[in-house]
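We're numbering straight along the sequence, starting at 1. Because the structure is a prediction, the values reported are computed rather than measured.
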Amino acid sequence: MKKQPAQWLLSAASVGIAGIILTQSYGTAVAETNTEGFVQTPEQKVTTRQVAALLDRSHYLNQPLDSKTGSEILSMYIDSLDPNHTLFLQSDVDEFKKKYADDFGARLKRGDLSAGVEVYERYRKRSNEYFTMASKMLKTDLDLTGNETIILDREKLNHFKTKKEQRDYWTRQLKFQLMSITLGQEDEKAKEKVFLSNPDITRGQDLVRNDQRTPSEILQNRLSRQQAQFERLKDDEIMETILNTAMLTYDPHSNYYAPIQANELQIQSSLQLEGIGVSIRPDRKNPDYTRIVTLVDGGPAAKSGQIKPNDLIIGIAKDGETMTDVVGWSTREIVSMIRGKRGTSVTIKVRQPNTPDASARNVTVVRDIIEQEESGVSQRVIEVQRPNIDKTPKRIGVLEIPSFYLNYRARRNGEEYRSVSIDTENALKELNKENIDGLVVDLRNNPGGSLDEVAKMLGFFIKSGPMVQIRDNRGNVQVYRDNDGGEQLYDGKMVVITNLASASASEIFAAAIQDYGRGLVVGSTTTGKGSAQIQLDNLALGSATLTQRKFYRVTGGSTQNKGVVPDVELVNIYDDATFGERAQKKALPWDTIKTAPYKPEGKFTADTLATLNQQSKIRQEQNPQFVYLSTLNDIRDMEDEKKPIKLDINSRRAKMQLIEKRSLEAENKRLIATGERPYSNWNVYQAAMDAKFEERSRMKAAERPELPEDEVFINEAAYLMLSAEPKALLSPEEKL
């Protein structure tokens with residue numbers, strides 16, 4: 001497959017554009033502004049000007065960063081800080097819009113963050129007012145019975161006009177949180193009784209928290225942690241909030257990342273990080289502590305022999321600096337301290353659970369590159385036999401693709417690198433040796449990734465022709481083609497599974513397979529993220545992604561917003577109203593361009609698809625796993641945060657018990673239908689689920705058994721593939 005000349009634009013183009021922007025200047029530089037301790041550095045000013053220039057001149061929308069756009073950014077910034085409209089008063093909003101709406105965009109062009117910082121400091125002040133009030137109220141006895149109500153989702157409601165209205169809501173919010181914690185404690189204590197009376201159910205794990213704190217103490221600790229995180233907030237993170245909001249005002253996928261987040265973005269796209277090789281999460285018994293869950297085999301932590309799973313991290317010293325107490329810190333903060341350049345050292349202070357801090361030990365570890373092998377492509381073979389159709393089981397290959405990853409930096413530097421196309425090529429070669437009767441490509445929850453990689457992968461399955469079209473902000477259309485002379489690494493039957501979390505490159509892949517009639521697409525409609533971003537890695541601080549192009553199918557229709565509609569619908573486990581492109585603010589619209597001439601390899605007729613949908617619907621209505629998932633969807637809809645919720649703990653308990661009852665009934669129905677033993681009550685069920693989750697979390701991905709509610713999609717996709725025969729396209733001579 002020939003690489004198209006302009007493919008480099010999605011990766012290396014960032015170098016040229018950022019370099020140009022570094023030399024741009026808007027007006028006269030402003031003096032450094034000191035707003036509540038925030039002193040804007042020269043690097044922050046340059047970064048702000050760079051981001052403003054990108055939006056003003058290079059975004060797909062061709063929308064200038066004028067006073068109108070600046071006003072929109074300010075409004076969105078206020079909403080991003082206070083999405084529920086509970087912290088800012090209406091007078092705060094009016095004040096800021098009067099002072100800054102007209103020149104917010106101009107300030108960004110000059111590199112001036114002072115207006116955004118002032119808004120942020122008011123947000124911090126209001127948050128501290130809430131923390132102070134909450135702390136006082138939690139020392140009193142709050143009545144959790146009565147006829148008061150609360151609406152939890154206030155996004156569409158106005159800001160409060162008076163402090164009295166605001167504090168009344170804060171009081172009701174505290175009551176709701178206390179109710180939730182109280183009911184959660186009741187469930188937790190009931191589960192712990194099950195653990196103590198049935199030790200076998202714990203699978204040898206320590207799952208009894210025995211938390212003696214009152215609900216008020218738990219909530220107070222939670223709020224204190226949040227307030228402490230506010231105090232540790234770095235100026236770069238405040239800048240990130242301002243600039244990221246500016247970019248999100250143009251579309252949901254243009255983003256700015258402060259240095260810490262920029263590192264995370266690189267990790268996600270390359271499956272490679274520089275650290276010590278541990279996975280962490282908040283401790284079950286006390287969330288103030290961070291627990292080490294697993295060690296990466298051969299990683300620096302494992303090689304040290306001094307760090308063990310279950311260790312609690314209580315202190316970190318970066319690169320020879322003094323030890324910092326990290327009890328109460330978020331996992332994100334701890335990760336940012338542990339990670340660093342390869343070859344540098346970090347010292348972590350750890351202790352085993354149920355031991356005093358005095359027993360803690362300091363372990364110095366040298367950071368190294370950690371390959372996330374488990375996160376890549378995986379393949380396996382399953383056997384499927386259709387009743388009354390197949391005399392012997394069919395061997396079906398399953399190719400699971402978690403993302404379209406590529407280590408850009410390693411490739412650019414001429415180093416050995418890992419990519420999804422390399423891993424997929426190897427997987428397909430292995431599957432071909434297995435003499436499979438068909439292939440299931442699982443793209444569920446695949447967020448996308450590299451356009452180069454998805455183009456290469458489509459070449460493995462399609463003979464030749466255009467694969468995807470990309471239009472830039474000037475109307476120029478580039479066509480990515482597979483020009484390998486008809487070579488196919490896999491030319492057998494295939495089916496692609498998608499869901500609402502399949503996005504971007506996943507949608508390009510599914511759309512091309514569907515348009516060429518190369519295979520069925522089954523599942524649920526995809527995200528609808530049909531835009532392409534350039535990656536800008538050399539801003540003065542951090543990095544950015546900027547939307548500059550839109551994807552179009554070879555048929556001319558965009559994948560943007562509408563997504564890829566499957567040929568056969570399976571149960572949708574996500575909420576369309578809150579997930580996917582169609583639920584995003586400022587999403588780019590769907591549109592069309594001209595069709596790129598192409599020759600389909602087959603075509604599923606309308607009658608064929610209607611029959612497949614009808615047959616699948618019957619199977620889904622009879623399959624206990626699909627029935628279970630459909631029932632969970634109905635149970636999920638029982639809770640609507642846009643409607644008033646009664647602040648009476650007895651009513652709330654009754655509602656929760658009804659949800660628990662229906663959830664248990666759904667679980668037991670599928671267990672009975674599959675020949676397994678049902679759970680006697682909700683508490684036993686929850687205890688068993690906790691134990692299974694804890695056990696799975698300690699396994700490597702390859703060792704975890706497939707969940708039946710996930711595997712049912714694979715099996716149904718295989719059934720549909722084996723039952724579907726695309727109508728062969730007639731040659732021009734045959735049509736005569």
Side-chain angles (χ1 to χ4, degrees), residues 1-11 13 17 55 57-64 250-254 404 443 448-459 461-483 496 498 502-518 521 525-534 545-567 580-582 584 586-601 603-604 729:
M1 182 175 65
K2 290 184 180 179
K3 184 177 178 183
Q4 297 302 305
Q7 287 186 0
W8 63 275
L9 286 171
L10 290 176
S11 53
I17 292 177
L55 295 174
R57 303 182 179 188
S58 303
H59 191 274
Y60 181 84
L61 289 176
N62 285 321
Q63 178 179 313
Y250 278 70
D251 83 290
H253 306 291
S254 292
F404 289 87
L443 297 182
S450 166
L451 180 61
D452 282 359
E453 289 300 298
V454 71
K456 289 178 183 177
M457 285 182 58
L458 281 169
F461 302 97
I462 293 172
K463 289 181 180 178
S464 63
M467 297 175 293
V468 63
Q469 304 184 83
I470 299 185
R471 181 188 183 277
D472 66 19
N473 58 350
R474 295 180 179 85
N476 302 314
V477 176
Q478 176 192 357
V479 181
Y480 278 60
R481 297 182 179 277
D482 175 26
N483 295 324
V496 178
T498 63
S502 304
S504 195
S506 300
E507 297 174 280
I508 291 174
F509 187 94
I513 296 299
Q514 190 178 58
D515 291 338
Y516 273 89
R518 183 65 186 81
V521 175
T525 303
T526 59
T527 292
K529 195 267 184 183
S531 58
Q533 288 72 42
I534 57 168
T545 57
L546 184 76
T547 298
Q548 286 198 323
R549 294 166 179 80
K550 282 178 72 174
F551 299 133
Y552 294 85
R553 304 168 70 134
V554 294
T555 58
S558 175
T559 56
Q560 171 62 26
N561 217 303
K562 285 189 176 182
V564 178
V565 179
D567 298 307
E581 191 80 3
R582 295 170 290 283
Q584 296 288 328
K586 304 291 184 178
L588 298 179
W590 177 86
D591 60 351
T592 62
I593 60 174
K594 291 182 180 179
T595 299
Y598 74 105
K599 183 180 179 181
E601 298 180 28
K603 180 178 176 61
F604 295 99
L729 295 172

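Of all the heavy atoms in P466 and V479, the pair that sits closest is CB-CG1, 3.5 Å. When all heavy atoms are compared, the tightest approach of A510 to V564 is CB-CG1, 4.4 Å. Taking every heavy atom of both residues into account, Q469 and V554 meet most closely at NE2-O, 3.7 Å. The two residues F551 and S504 make their nearest non-hydrogen contact at CE1-OG, 3.8 Å. Of all heavy-atom pairs spanning G448 and S506, the tightest one is N-OG, 4.0 Å. Nearest heavy-atom pair, A505 versus G449, reported as atom, atom and distance to 0.1 Å: CB-N, 3.8 Å.
At a threshold of 4.5 Å between non-hydrogen side-chain atoms, the residues S254 and H59 count as touching. In this structure, the side chains of T525 and R582 come closer than 4.5 Å at one or more pairs of heavy atoms. Taking the side chain as every heavy atom from C-beta outward, R549 and S531 never approach each other to under 4.5 Å. At least one side-chain heavy atom of L451 sits less than 4.5 Å from a side-chain heavy atom of I470. Residues Y250 and L546 fail the side-chain proximity criterion, which asks for heavy atoms closer than 4.5 Å.
Residue R471 holds its CZ atom at 10.5 Å from OG1 of T592, rounded to the nearest 0.5 Å. To the nearest 0.5 Å, the span separating CD1 on I534 from OG1 on T545 amounts to 9.0 Å. Once rounded to the nearest 0.5 Å, the distance linking CD of Q560 with OH of Y60 reads 9.0 Å. Rounding to the nearest 0.5 Å places CG of L61 at 6.5 Å from CG of D251. To the nearest 0.5 angstrom, I513 atom CD1 is 10.5 Å from M467 atom CE. Considering NZ of K586 and OG1 of T547, their distance stands at 14.0 Å, rounded to 0.5 Å.
Proximity of a side-chain donor or acceptor of Q548 to a complementary backbone N or O of N473 within less than 3.5 Å is not detected. Here the side chain of S502 pairs a donor or acceptor atom with the backbone of L443 at under 3.5 angstrom. Under the 3.5 Å distance criterion, the side-chain polar atoms of W590 are left unmatched by any main-chain donor or acceptor of T559. The main-chain N or O of D452 is found under 3.5 Å from a side-chain atom of S450 such that the two form a donor-acceptor pair. Panel note: side chain E507, backbone G528; a donor-acceptor pair is recorded below 3.5 Å.
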Working note: D591 + K550, criterion salt bridge (Lys or Arg N to Asp or Glu O under 4.0 Å); need CA distance, chi angles, decisive distance, verdict. CA-CA 10 Å; D591 60 351; K550 282 178 72 174; 3.1 Å; yes
Using the side-chain contact (heavy atoms from CB on, under 4.5 Å) rule, take T555 and Y598 through it: C-alpha gap first, then chi angles, then the decisive distance, then the call. CA-CA 9 Å; T555 58; Y598 74 105; 3.5 Å; yes
Start with the C-alpha distance between D567 and Q514, add both sets of side-chain angles, then the distance that settles side chain to side chain donor-acceptor pair (under 3.5 Å), and finish with yes or no. CA-CA 8 Å; D567 298 307; Q514 190 178 58; 3.1 Å; yes
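Residues passing the salt bridge (Lys or Arg N to Asp or Glu O under 4.0 Å) test with D515 are R553, sequence neighbours excluded. Evaluation of the ring-ring contact (aromatic ring centres under 6.0 Å, His included) rule for Y552 yields no partner, not counting sequence neighbours. N476 is linked by a side chain to side chain contact (heavy atoms under 4.5 Å, CB included) to D472, R474, counting only residues two or more places apart in sequence or in another chain.
F509 and F461 have perpendicular rings, their planes meeting at more than 60° on a 0 to 90° scale where under 30° would count as parallel.
Exactly one residue among I508, V468, D482 makes a side-chain contact (heavy atoms from CB on, under 4.5 Å) with L458. That residue is I508. The side chain to side chain donor-acceptor pair (under 3.5 Å) test with H253 is passed by exactly one of K529, E581, Q584: E581.
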